[in-house]
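Below is one structure, written out as structure tokens; comments come after it.
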Amino acid sequence: MCMARVTLSCPHCQQELVVTRPDSSHSCWSFEKPKDKELEADIVEQAYVCKNPGCKAKFTVYWYDTQMYLARA
């Protein structure tokens, strides 16, 4: 199982934050919840806090796997 590290930017202050994917089957991420017709499996929600001392914003990252474009209904 690949537990790859991904660099995200805080949606409020753009501070970089390095996080680890929940597992290898959830390769895509978004700050907004994806639509059900785009999903191959379930969504994993993870809450983060910005490391910038001037921001400290809380935000959620949605990890998911997408369907192939041709398979979407």
Show, in sequence, the C-alpha distance, side-chain angles and deciding distance for H26 and D42, and conclude whether the side-chain hydrogen bond (donor to acceptor under 3.5 Å, both in side chains) test is met.
CA-CA 9 Å; H26 294 86; D42 60 334; 3.0 Å; yes

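To the nearest 0.5 Å, atoms SG (C28) and OH (Y62) are separated by 16.0 Å. To the nearest 0.5 Å, the span separating SG on C10 from CG on L17 amounts to 8.5 Å. Here K56 contributes atom NZ and K51 contributes atom NZ; the two are 7.5 Å apart, rounded to the nearest 0.5 Å. Here CZ of R21 is found 6.0 Å from OG of S27. Values are rounded to the nearest 0.5 Å. Atoms CD and CG, from Q15 and L8 in turn, are 12.0 Å apart once rounded to the nearest 0.5 Å. For the atom pair CD1 of I43 and CG of D65, the computed distance is 11.5 Å after rounding to the nearest 0.5 Å.
The environment of Q14 atom CD is dense: over 12 non-hydrogen atoms of other residues, nucleotides or ligands sit within 6.0 angstrom.
For the pair T60 and Q46, the minimum side-chain heavy-atom distance is 4.5 Å or more.
Taking the six-membered ring for Trp, F31 and F59 have ring centres closer than 6.0 Å.
In the hydrophobic cluster analysis, where Ile, Leu, Val, Met, Phe, Trp and Tyr join through side-chain heavy atoms closer than 4.5 angstrom, Y64 is grouped apart from W29.
Other cluster members for V49: none, since no ILVMFWY side-chain heavy atom sits under 4.5 Å from it.
Scored by the ring-ring contact (aromatic ring centres under 6.0 Å, His included) test, Y48 finds no partners at all (sequence neighbours excluded).
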